[in-house]
Amino acid sequence: GADAIRRVTAAGYPNTIAACTVARGVALNANESSLFFTCAAMVKVMSMPITYFYSSYNPAVFAGTATAGLVDGPATSAQFDTPKGLAILPSGIMYVTDANNNAIRVIANGVVSVFAGSQTGTAGSTNSAGTNAKFSNPCGITYVAAQAALYVSEGGNNLIRRITLAGAVVTTLAGSGASSFANGIGTAAKFAYPHQLAAQQSGGVLFVADRNNNAIRRIILLDANVTLLLELLQQQGTSPTLVRPHQGGQTLWVLPLQT
C-alpha cells in the first residue's frame, strides 16, 4: 500500500519491507549492506540491514526526531523538515535534501550539519559557497565520483544545481528557473518541478524525473545539453519495457540505455 518502502524482485514482484509515512528517498550504502530511506512526514532518515528484507524487522532511526525543525548536532537529536533525497559516498558520508529547510544537510560521523543552503530555512536561488548559497525545495540528489560533485534537483526553482565536495561551491548546471519545458544547453533548458535524479557510474550523464512535464530528461554533464530521453530511445529504435503492473494503475518500467 501507500506510505511504504517496497522491494521489487528481478521477476517484477513487489513486496513491502517497511512502513514509511510519505516515503521520498532511498539509497544503499557502498557495500550494499544497509538500506537508508527518508520518511518526509516522519521527518526522519531511517535505516535497515539488507539481511532483514525477508523477515519482520523494525527500521532504526538513523537521523532526525519526530519534530520538524532545523537543528544540527548528533544525528538522532538533529531536526529536519521534509527530508527527501539521499546520496551516500563510499566513505559513508550521507547528504540529504532537506526540502522545507531549503538546505543540503550532511551526516558525517554521527553528526548532522548544513553543507550548503540556508541555515535559517530561507529560500532562494543564489549560487555561492556553502551556507551562502540558496535553494528552494531541493528534491533529488546524486553523487558523481568522476566529477567529485553532488547534483541536486530543485522543485521550487526548476533548476539542476551542482555542488562541489571541496568547498561546497554551488552553481547552476541546467534550467532557466521558469516552470516550462524546453531542451537546450544549460540555462536555455527548462524543467517543471524536477524531482528524482540518477547518474551513470561513468559520470558522463545525469537523468532527471521532470515531474510536472511527465518526462525523463537526459543531461550530458560535459556541456549541460538537456534532451528528452524517450525521444532519444525512439530514435535508436528501442522502447521501455513494462516490468509489472501494480494495483491502482501504478507501473514500473525499465529503459534499455544507450548513450
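Computation of the quantities below employed the complete heavy-atom set of this structure, encompassing side-chain atoms and omitting hydrogens, waters and symmetry-equivalent molecules.
Side chain of N157 to main chain of G124: a donor-acceptor pair is present (N/O by atom type, distance under 3.5 Å, no hydrogens or angles). T38 places no side-chain N or O within 3.5 Å of a backbone atom of A40 that could act as its donor or acceptor partner. Between the side chain of T16 and the main chain of R6, no donor-acceptor pair closer than 3.5 Å is present. The backbone N or O of V22 sits less than 3.5 Å from a side-chain atom of D3, completing a donor-acceptor pair. Side chain of S179 to backbone of A192: no donor-acceptor contact under 3.5 angstrom is found. When atom types are taken as modelled, the side chain of D81 and the backbone of N100 share no donor-acceptor pair closer than 3.5 angstrom. Side-chain atoms of E154 come within 3.5 Å of backbone N or O of S136 as a donor-acceptor pair.
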Practice task
Test N15 against V8 for side-chain contact (heavy atoms from CB on, under 4.5 Å), laying out the working first.
Solution key: CA-CA 7 Å; N15 67 287; V8 181; over 6 Å; no
Handout entry: Candidate pair F207 and Q196, rule side-chain contact (heavy atoms from CB on, under 4.5 Å), full reasoning
Key = CA-CA 8 Å; F207 299 95; Q196 295 297 329; over 6 Å; no
Problem - L89 vs L165, side-chain contact (heavy atoms from CB on, under 4.5 Å): CA-CA, chis, key distance, verdict - result: CA-CA 11 Å; L89 272 56; L165 292 184; 3.8 Å; yes
Exercise for the section: Begin with the C-alpha distance, continue with both residues' side-chain angles, and end with the deciding distance and a verdict on side-chain hydrogen bond (donor to acceptor under 3.5 Å, both in side chains) for S118 and N102. Expected result: CA-CA 6 Å; S118 178; N102 303 299; over 6 Å; no
Exercise for the section: Please step through side-chain contact (heavy atoms from CB on, under 4.5 Å) for the pair I107 and V96, ending with a clear verdict. Expected result: CA-CA 8 Å; I107 307 174; V96 183; 4.1 Å; yes
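Between C39 and M46, the shortest heavy-atom distance links the atoms SG-CG, 3.9 Å. Between I160 and P194, the shortest heavy-atom contact is CD1-CB, 3.9 Å. For the residue pair G140 and S153, the shortest heavy atom distance occurs at N-OG, 2.8 Å. The shortest heavy-atom contact between Y143 and P90 is CE2-CD, 3.7 Å. Across every non-hydrogen atom of T82 and V43, the tightest pair is N-CG1, 3.7 Å. In this structure, T76 and T65 approach most closely via the heavy-atom pair O-CG2, 3.5 Å.
A heavy-atom distance below 4.5 Å is not found between the side chains of S125 and K134. In this structure the side chain of T172 reaches within 4.5 angstrom of the side chain of T187, judged on heavy atoms. When side chains are defined from C-beta on, V112 does not count as touching V71, because their heavy atoms never get closer than 4.5 Å. A heavy-atom distance below 4.5 Å is found between the side chains of P59 and F37. Under the 4.5 Å side-chain criterion, counting only non-hydrogen atoms from C-beta, V208 is not in contact with Y151. For the pair I88 and I93, the minimum side-chain heavy-atom distance is 4.5 Å or more. L228 is not listed as a side-chain neighbour of D210, based on a closest heavy-atom distance of 4.5 Å or more. Side-chain atoms of N137 and Y193, non-hydrogen and from C-beta on, do get closer than 4.5 Å to each other.
Defined by atom type and a distance below 3.5 Å, a donor-acceptor pair is missing between the side-chain atoms of K190 and N183. Defined by atom type and a distance below 3.5 Å, a donor-acceptor pair is present between the side-chain atoms of N29 and N31. Counting only N and O atoms by type, the side chains of R162 and T171 include no donor and acceptor under 3.5 Å apart.
Close placement of the F36 and F62 rings is indicated, their centers lying within 6.0 Å of each other.
Remark: T227 OG1 to I216 CD1 distance equals 12.0 Å, nearest 0.5 Å. Taking CE from M42 and OG1 from T67, the interatomic distance works out to 12.5 Å, rounded to the nearest 0.5 Å. A distance of 7.5 Å separates CG in N158 from OG in S176, rounded to the nearest 0.5 Å. How far CZ of R217 is from CG of L229: 10.5 Å, rounded to the nearest 0.5 Å. Note: S91 OG to N109 CG = 9.0 Å, rounded to the nearest 0.5 Å. In this structure, CG in L70 is found 8.5 Å from CD in Q79, a value given to the nearest 0.5 Å.
Cluster annotation: I163 is not connected to V144 through the hydrophobic network of ILVMFWY side chains, with a link wherever side-chain heavy atoms come within less than 4.5 Å. L28 and M48 fall within the same hydrophobic cluster, defined by Ile, Leu, Val, Met, Phe, Trp and Tyr side-chain heavy atoms under 4.5 Å apart, directly or through other members. By the criterion of side-chain heavy atoms lying less than 4.5 angstrom apart, applied directly or through intervening Ile, Leu, Val, Met, Phe, Trp or Tyr residues, F115 is grouped together with I141 in one hydrophobic cluster. Using a 4.5 Å cut-off between side-chain heavy atoms of Ile, Leu, Val, Met, Phe, Trp and Tyr, with links allowed through other members, I220 and V226 fall into different hydrophobic clusters. Hydrophobic clustering of Ile, Leu, Val, Met, Phe, Trp and Tyr side chains at less than 4.5 Å, counting indirect connections, unites I104 with V106.
In terms of the side chain to side chain contact (heavy atoms under 4.5 Å, CB included) criterion, residue partners of N132 (sequence neighbours excluded) are, by chain and number, S128.
Remark: D223 CG is packed, more than 12 non-hydrogen atoms of other residues, nucleotides or ligands lying under 6.0 Å away.
D72 and R105 are joined by a salt bridge, as a carboxylate oxygen and a charged side-chain nitrogen come within less than 4.0 angstrom of each other.
Exactly one residue among V152, L197, L150, L86 makes a side-chain contact (heavy atoms from CB on, under 4.5 Å) with T142. That residue is L197.
A cation-pi arrangement, defined by a distance under 6.0 Å to the six-membered ring centre and an angle within 45 degrees of its axis, is present between R161 and F135.
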